[in-house]
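Just so you know, these numbers use all the heavy atoms, side chains as well, and skip hydrogens, waters and symmetry mates.
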Amino acid sequence: MKKKIRVRFAPSPTGPLHIGGLRTAFYNYIYAKKYNGDFYLRIDDTDIKRNRKEYIKYILKALKWCKIKYNKGYNINKNRKYIQSKRYDIYKRYLNYLIKNKYAYYAFETKKELNEYRKNKNFIYNFLTRHKLNNSLNKNNKYIKKYIKNKKFVIRLVIPSNINIIYKDEVFGNIEINTKEIDDKIIYRSNNKPTYHLASAVDDHLMKITHIIRGKEWLSTTPIYIILYKYFNWTIPKFIHLPLLLNNKGKISKRFNYNNLPIYPINYKNLVTNNSYKSNGFFRNVFIYILALLGRSDLSEYKILNLKKIIKLFSLKKINKSDIKINYKLFCSINRNYILYGNSKNINYKLYLFLKKKNNNNIKKKIIYKIINLTKNRISLINDIWNVSFYFFINPIKYNIPKDIIKYINTNYKDIIKFIKNNIIFFFKKKNIKYNNINNYIKNINNINLLKIIRLSIVGELVGINLIDIIYILNKINKKIIIKRLKNFKKFIYQYKNF
RNA sequence: GGCCCAUUAGUCUAUUGGUUAGGACGUCAGAUUUUCAUUCUGGAAAUAGGGGUUCGAUUCCCCUAUGGGCUACCA
């Protein structure tokens, strides 16, 4: 019988989860979904100096937004079992086994001493050097006991001497690393806490993890994990390493810029930013697609697929090996593509929710939807809708007038005032103005500059949707708006008649 | 420095021994649009370099270069 697949996502809460971490979580999730397996969430918080509870919350929130659901695992309210800081007793039991079988030993060097050794760049704490160093392999029992009693020790894993550890990665193929390159890794610190290597190996075994899906940065550290598994005589899981996500400067980190955005806005100590994928206006399903895209060579067709299809198409063979540079602009255009061709019901609703917050004049829902339909083909992110539709909600704040129009206003000042007063305003004072009336009126003006001036007075700038639509909608919202704006503009050019 | 991994246009990638090296975003030009956007048409643009193996190499091997990761009492 085939063993049930079980994967885990095991972030360490030393910073807000970034897109790279989320991508790892997502790949674990879809892998489990694809093969009907389990997906667990574990919090690997063995780095007690850098861990923060806020980051655990952040991780959970980010997973939730992306709808990455786990079968079992850490839950801030209910289940706190899947967190390593609550499992120290367990690790200690396994540690004792390693010591008893001479797979691990006590070492007594201070950090200072180690730094001294490391000034020689070739220094490695392993089979070549350990017999000369200050550890329980070389010292008598009395000495060892004294150090252990004073808690001045770490425990190191015995890395076997000069053998090639070969393992198969499902993405990268066979990886071969000689043990002479590897330190006898510290698996237990002087503060009585295990390090990641021990804790994660033990947990992965106890949780019966069958596949380890994580970032490529672990590729050369995997032998340590394998050695531990062999000492315990456990079944080694399969490894699936994912290409790294890079920003312009290298591996993405907790420092944010536009190519390295957080998922959610964060405000924690000196980590403050309002920008994030969510708050900048990415659609959830687009963001999920982007996560899938980062590392999959089969998803370059530029159609936004839903989760079901992403899972259906998933194949280890299609995971690429080379690292991926985050390209925020590309992400934006994927979002834009979705707005243009995606599920318009969902899109319009989200855009409506955004505009609703800004709607101070109680513009009717129906009209807002109309505005959305007219403007949404010119935006990339949800938030952009304001930039292209603000003039329906507020009067123009400033007039963005190009030089040639300034010149035109200066030379034809009197005629323009006259035109506004006697022609346009006169037109808008009529009752029951229909779309066709506006259409005919505008078409008959037949003077590009005057049309531009009408647009300027209403919108504040020369870009935007069809002028007839703008006028029609504004007139529907409130008959007085256009007249008011025309008068404002008249006042404005009167003030600045010599630009 | 050592070890590991990668290298196709600006970016994401297709082609795993025979293709005029394909697509998407971006970019440029034209048409449409009173403007902008959309839409349509078209253009420029890549197998990092050098050696092998082969009738033939983007594809396999080696070297170099570049990028990235690891080399922590971080994960």
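Nearest nucleotide to the A:K49 side chain, out of B:U34, B:G69, B:C74: B:C74. For A:N320, the listed nucleotide lying nearest its side chain is B:U13; candidates were B:C73, B:A75, B:U13. Closest contact between the side chain of A:T46 and the listed nucleotides B:A75, B:U38, B:G2 involves B:A75. The listed nucleotides are B:G2, B:C74, B:C73; the one nearest the side chain of A:L114 is B:C73. Among the nucleotides B:A75, B:A37, B:U34, the one closest to the side chain of A:N377 is B:A37.
Protein atom NZ of A:K180 is 22 Å distant from nucleotide atom P of B:C70, rounded to whole Å. Protein atom CG of A:N120 is 12 Å distant from nucleotide atom C1' of B:G2, rounded to whole Å. Taking atom OH of A:Y196 as the reference point, atom C1' of B:A72 lies 15 Å away to the nearest angstrom. Atom CG in A:D47 sits about 5 Å away from atom C1' in B:C74, given to the nearest Å. In this structure, A:D469 atom CG and B:U33 atom P are separated by 16 Å, rounded to whole Å. Note: CG (A:L245) to C1' (B:G69) measures 14 Å, nearest angstrom. Between A:Y441 atom OH and B:U34 atom P there is a gap of 17 Å when expressed in whole angstrom units. In this structure, the CG atom of A:L374 is 12 Å from the C1' atom of B:A37, given to the nearest Å.
Just one of A:Y40, A:Y70, A:F39 meets the side chain to side chain contact (heavy atoms under 4.5 Å, CB included) condition when paired with A:R8; it is A:Y40.
Listed here is the closest heavy atom pair of A:D45 and A:N51: O-ND2, 2.9 Å. Contact detail for A:K452 and A:L462: the closest heavy-atom pair is O-CD2, 3.5 Å.
Scanning atom types as modelled, one donor and one acceptor separated by under 3.5 angstrom connect the side chain of A:S190 and the base of B:C73.
A:I448 comes within contact range of the sugar-phosphate backbone alone, with a heavy-atom separation under 4.0 Å but no base atom that close. Using a 4.0 Å heavy-atom criterion, one finds that A:N178 contacts no nucleic acid atom at all. A:L467 comes within 4.0 angstrom of a base, heavy atoms only. Within the 4.0 angstrom heavy-atom criterion, no nucleotide atom of any strand lies near A:S200. If you check every strand for non-hydrogen atoms under 4.0 Å, A:Q84 touches nothing.
OP1 or OP2 of B:C73 sits under 4.0 Å from a side-chain N or O of A:R118. Using a 4.0 Å cut-off, no side-chain N or O of A:R50 falls inside it from OP1 or OP2 of B:A75. Residue A:R336 has a polar side-chain atom (N or O) positioned under 4.0 Å from OP1 or OP2 of B:U38.
Here the separation of B:U38 from B:A6, taken at their C1' atoms, is 40 Å to the nearest Å. Between the C1' atoms of B:U59 and B:G52, the separation comes to 15 Å (whole Å). Using C1' as the reference atom, B:A31 and B:G22 are 27 Å apart when rounded to the nearest Å. Between B:U13 and B:C28, the distance separating the two C1' atoms is 22 Å to the nearest Å. Spacing between B:U15 and B:U7 at atom P, rounded to whole Å, works out to 13 Å. Comparing B:A46 with B:U58, their P atoms sit 15 Å apart, to the nearest whole Å. Across B:C60 and B:U41, the matching C1' atoms stand 42 Å from one another, rounded to whole Å. Here, B:A9 and B:G49 have their P atoms 10 Å apart, quoted to the whole Å.
Across every strand in view, B:A75 sits unpaired, with no contact that passes the Watson-Crick or G-U test at under 3.5 angstrom. Pairing for B:C40 is with B:G30, a Watson-Crick or G-U wobble pair whose two hydrogen-bonding atom distances lie under 3.5 Å. Shown here, B:G18 forms a base pair with B:C55; the pair counts as Watson-Crick or G-U wobble because both key distances fall under 3.5 Å. Nucleotide B:U7 forms a pair with B:A65, judged by Watson-Crick or G-U wobble geometry with both contacts under 3.5 Å.
Aromatic ring orientation, A:F26 versus A:Y29: tilted (interplanar angle from 30° to 60°). Classified by interplanar angle (parallel below 30°, tilted 30° to 60°, perpendicular above 60°), the ring pair A:Y277/A:F287 is tilted.
Position along RNA chain B of the nearest nucleotide to A:E109 versus A:Y341 favours A:Y341 as the more 5'-ward residue. Nearest-nucleotide positions on RNA chain B place A:L294 closer to the 5' end than the other of A:I48 and A:L294.
Using a 4.5 Å heavy-atom threshold, the side chains of A:F392 and A:I465 count as touching.
Judged by distance alone, the side chain of A:D384 and the main-chain N or O of A:S380 form a donor-acceptor pair under 3.5 Å.
Inspection of the A:Y289 and A:N335 side chains reveals no N or O donor paired with an N or O acceptor under 3.5 Å. With no hydrogens or angles considered, no side-chain donor-acceptor pair links A:D184 and A:N126 at under 3.5 Å.
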- Task: List the steps and the verdict of side chain to side chain donor-acceptor pair (under 3.5 Å) for A:T222 and A:R214.
- Result: CA-CA 11 Å; A:T222 300; A:R214 44 148 56 154; 3.3 Å; yes
- Its contact letters, B for base, S for sugar-phosphate only and - for none at protein heavy atoms under 4.0 Å, make nucleotides 4-11 of chain B read SBSS---S
